[in-house]
Structure formats: C-alpha cells, structure tokens
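This report concerns only the one structure given below.
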Protein chains: 2
Amino acid sequence: MMTQTRRHRPASPKQASTCCGPIDDLLNPELFKALCDPTRAKLLGCLAKCGRACSVSEVAECCSVDFSVVSRHLQLLERAGILVSSREGRTVSYAVKYGHLCQALRGLADALEQCCPADQAAECAGGCCAKR
Amino acid sequence: MMTQTRRHRPASPKQASTCCGPIDDLLNPELFKALCDPTRAKLLGCLAKCGRACSVSEVAECCSVDFSVVSRHLQLLERAGILVSSREGRTVSYAVKYGHLCQALRGLADALEQCCPADQAAECAGGCCAKR
DNA sequence: GCTATATTTGCATGATGACGCAAACACGCA
DNA sequence: TGCGTGTTTGCGTCATCATGCAAATATAGC
C-alpha cells in the first residue's frame with residue numbers, strides 16, 4: 001500500500017483507494033456514528049455546555065426520552081471516546097472528553113486541508129495561522 | 001431562550017438544554033449522518049485524496065458495491081453539503097467541498113473549546129496558536 | 001430516430017438502530 | 001437483612017437505511 005504525500009497525488013479514486021493517507025484513519029465512521037443521532041447530539045450538547053460531569057439522571061432531564069434510552073446513549077458515546085464515566089456510590093456521571101473530541105475534529109480538518117488542491121486552499125484554511 | 005456565554009454557564013443539563021450556544025447548530029446530526037457509513041467514508045476519502053472532481057463511474061471503481069449504490073451515496077453526501085456535483089454531457093462528477101467541511105469541523109472544535117472548563121483547556125487546544 | 005454509454009430511480013430484502021417498558025442489578029442506609 | 005434510589009439490561013416493536021437488481025432516464029454520436 002502506498003502512502004500519499006502532498007506531491008504524489010493519486011490519479012484516480014481507484015488508485016486513491018490503494019493509497020493510504022492520514023485521512024483514512026481520521027475519517028472514522030465509529031466516531032460519526034455516535035454523533036449522527038439527534039438525541040445523542042442533544043445530550044452531548046447539554047453535557048458540553050454544562051462543562052462538568054453529570055449523572056445519568058441529570059442528563060435525562062434535558063430530554064424527553066426514557067431514562068434507559070439516555071443511559072444507553074451515554075454508554076455509546078463513551079465507547080466512541082467522546083465521554084468518560086465515573087462512578088460514585090450508585091451514581092454514574094459522564095463528562096465530555098473535550099480534548100479527545102477536539103483533536104479528532106481538528107485532525108480530520110487538517111488532513112482534508114492536506115488533500116485540498118492549492119487553488120482551493122484559501123477557502124479551506126480556517127485556523128488562526130492560515131496563510132492567505 | 002438564553003444564550004450561553006463563557007461566563008454564564010448552565011448549572012445543570014436541563015438548564016443547558018434551554019441555553020443555546022454556538023455548539024447547538026454545529027453539532028448537526030445531518031452532517032454526521034453522512035459520514036457515519038463506512039462505504040460513504042471510503043468514497044469520501046478517495047475523492048478527497050484524489051483532489052479533483054471525479055465521475056460516478058470513476059468513484060465506483062474504488063469500492064466493491066453496486067454502481068447504483070455509489071450514485072446514491074454521492075447524492076447523499078452532496079445533500080449534506082460535503083460534495084458538489086457538476087454535469088458535463090452524460091457524465092456527472094463530484095468534488096469535495098474542502099472549505100465547507102473544514103469549517104464545519106473546526107467550528108465545532110472551537111465551540112467545544114469554548115465550553116471546555118479552564119482546567120482542561122490545555123489538552124483541548126489543538127490549534128497552532130494554542131496558548132499553553 | 002437509433003444505439004450505446006452514463007447515471008438515476010423503483011422496488012424488495014435483510015440488517016441495524018432507536019425506543020419504551022419491565023425486570024434485574026448495584027449500592028447506601030436503616 | 002430489607003428497603004429505596006440510581007442505573008443497566010432483556011426484549012419486542014417500529015422505523016430507517018444499505019444493498020443489489022432491473023427498469024427508466026439522459027445524452028452523445030451515428
């Protein structure tokens with residue numbers, strides 16, 4: 001399997017499929033599977049805005065779905081590496097792994113930018129250090 | 001509906017659910033729904049690495065699924081704002097909207113960082129200008 | 001118009017997933 | 001040990017979705 005470099009670009013999608021770059025690992029369906037459900041997105045949003053570890057009961061209050069459903073969603077988000085759980089007595093709390101999630105998102109953006117042809121690079125660059 | 005600021009943080013997830021911040025729009029399930037399928041992820045990866053507009057037939061060669069399936073996946077990715085299509089004669093080509101996708105990903109990362117409590121900010125910051 | 005090529009659409013099927021309810025489990029406390 | 005609270009798990013159901021095949025559509029060239 002070839003490795004893609006900025007200079008060496010595959011001529012066709014077929015060739016690209018045998019040419020592995022950083023984007024292949026970062027375009028991880030498991031992560032996005034966790035984010036693609038509206039209920040989970042809402043739960044994650046509430047947890048993120050809250051900025052601290054919250055118990056399952058607390059989180060369930062921000063959503064109209066059943067308690068058990070919330071529990072399952074939080075488990076799934078944890079398995080995806082988005083949340084981390086901690087237990088204290090009978091209470092289980094979940095907190096956002098900000099760092100991990102930010103890195104995954106920025107990593108993918110960076111990898112895309114690497115692939116982006118020069119003539120479109122301007123619109124792609126979003127970082128504060130983006131070159132004009 | 002209240003607007004979240006860095007200073008004013010919701011005390012509970014329930015309160016957070018009535019408190020809208022930038023993360024609410026950026027945590028868009030539609031975008032992630034498009035990225036959560038392994039076949040679509042592969043197609044997008046190939047298109048991205050290729051760095052140019054590719055016809056449906058070309059893209060189909062990098063994947064073992066049926067032709068019609070590829071066509072449908074590409075349509076879905078376009079509706080999600082990830083690809084853009086152009087027609088030339090009987091050939092339809094799709095290209096990655098690098099800029100749009102990068103902005104969506106970085107925007108979400110930035111919004112998460114905004115939510116991230118100060119004591120975790122270091123691990124969250126991933127930009128080249130990140131403050132230590 | 002006719003034909004070949006490129007793509008899309010209709011339809012059936014099998015798999016996956018979200019959901020609610022009830023039961024089970026874990027733990028603190030009397 | 002028994003009870004109450006917080007959470008997880010088992011299970012059935014309904015909806016969504018990925019897939020392949022066949023038919024339909026669009027377009028270029030004869």
Side-chain angles (χ1 to χ4, degrees), chain A residues 12-14 17 27-47 50 52-95, chain B residues 12-14 17 27-47 50 52-95:
Chain A
S12 67
K14 186 188 175 81
S17 71
L27 215 43
N28 172 18
E30 293 313 311
L31 171 67
F32 300 118
K33 215 171 277 185
L35 298 173
C36 76
D37 178 71
T39 305
R40 274 195 296 274
K42 173 150 195 183
L43 295 176
L44 175 58
C46 289
L47 267 168
C50 221
R52 60 170 176 84
C54 300
S55 72
V56 179
S57 320
E58 270 186 314
V59 179
E61 280 179 30
C62 76
C63 221
S64 61
V65 298
D66 193 83
F67 205 82
S68 64
V69 172
V70 173
S71 171
R72 263 189 270 255
H73 279 315
L74 296 176
Q75 281 174 31
L76 194 153
L77 286 165
E78 183 180 25
R79 278 197 297 273
I82 297 173
L83 301 181
V84 59
S85 69
S86 58
R87 177 170 218 121
E88 187 158 356
R90 347 165 229 206
T91 306
V92 176
S93 294
Y94 285 89
Chain B
S12 67
K14 185 187 177 79
S17 71
L27 216 42
N28 172 19
E30 295 311 312
L31 172 67
F32 300 118
K33 214 172 275 182
L35 299 173
C36 77
D37 179 71
T39 305
R40 274 196 296 274
K42 175 152 194 181
L43 296 177
L44 174 59
C46 288
L47 267 168
C50 219
R52 60 170 176 84
C54 299
S55 72
V56 180
S57 319
E58 271 184 313
V59 179
E61 280 179 30
C62 77
C63 221
S64 61
V65 297
D66 193 80
F67 204 82
S68 63
V69 173
V70 173
S71 172
R72 263 188 269 255
H73 279 316
L74 295 176
Q75 282 174 29
L76 194 153
L77 285 166
E78 184 180 25
R79 279 197 297 274
I82 297 172
L83 302 181
V84 59
S85 70
S86 58
R87 175 168 220 124
E88 188 158 356
R90 356 170 221 203
T91 306
V92 176
S93 293
Y94 286 88

Inset, instruction - Apply side-chain contact (heavy atoms from CB on, under 4.5 Å) to B:Leu43 and B:Cys63, showing your working. - result: CA-CA 7 Å; B:Leu43 296 177; B:Cys63 221; 4.0 Å; yes
Inset, instruction - Measure the CD-OG distance between B:Glu61 and B:Ser55 for me, rounded to the nearest 0.5 Å. - result: 8.0 Å
Inset, instruction - May I ask you to test the B:Ser17-A:Lys42 pair for a side-chain heavy-atom distance under 4.5 Å? - result: yes
Inset, instruction - Rounded off to whole Å, could you give me the CZ-to-P distance for the A:Phe32 and C:dG17 pair? - result: 17 Å
Inset, instruction - Figure out the CG/C1' separation between A:Leu74 and C:dC19, and round it to whole Å. - result: 15 Å
Legend entry - side-chain contact (heavy atoms from CB on, under 4.5 Å) evaluation trace for B:Ile82 with B:Leu76: CA-CA 9 Å; B:Ile82 297 172; B:Leu76 194 153; over 6 Å; no
Inset, instruction - Any chance you could list the contact pattern along nucleotides 14-27 of chain D? Use B for base contacts, S for sugar-phosphate-only contacts and - for none, protein heavy atoms under 4.0 Å, 5' to 3'. - result: ---SSBBB-----B
Inset, instruction - Would you check if A:Val70 and A:Thr39 make a side-chain contact, meaning some heavy-atom pair closer than 4.5 Å? - result: no
Inset, instruction - Specify the separation, in whole Å, of atom CD of B:Gln75 and atom C1' of C:dT9. - result: 9 Å
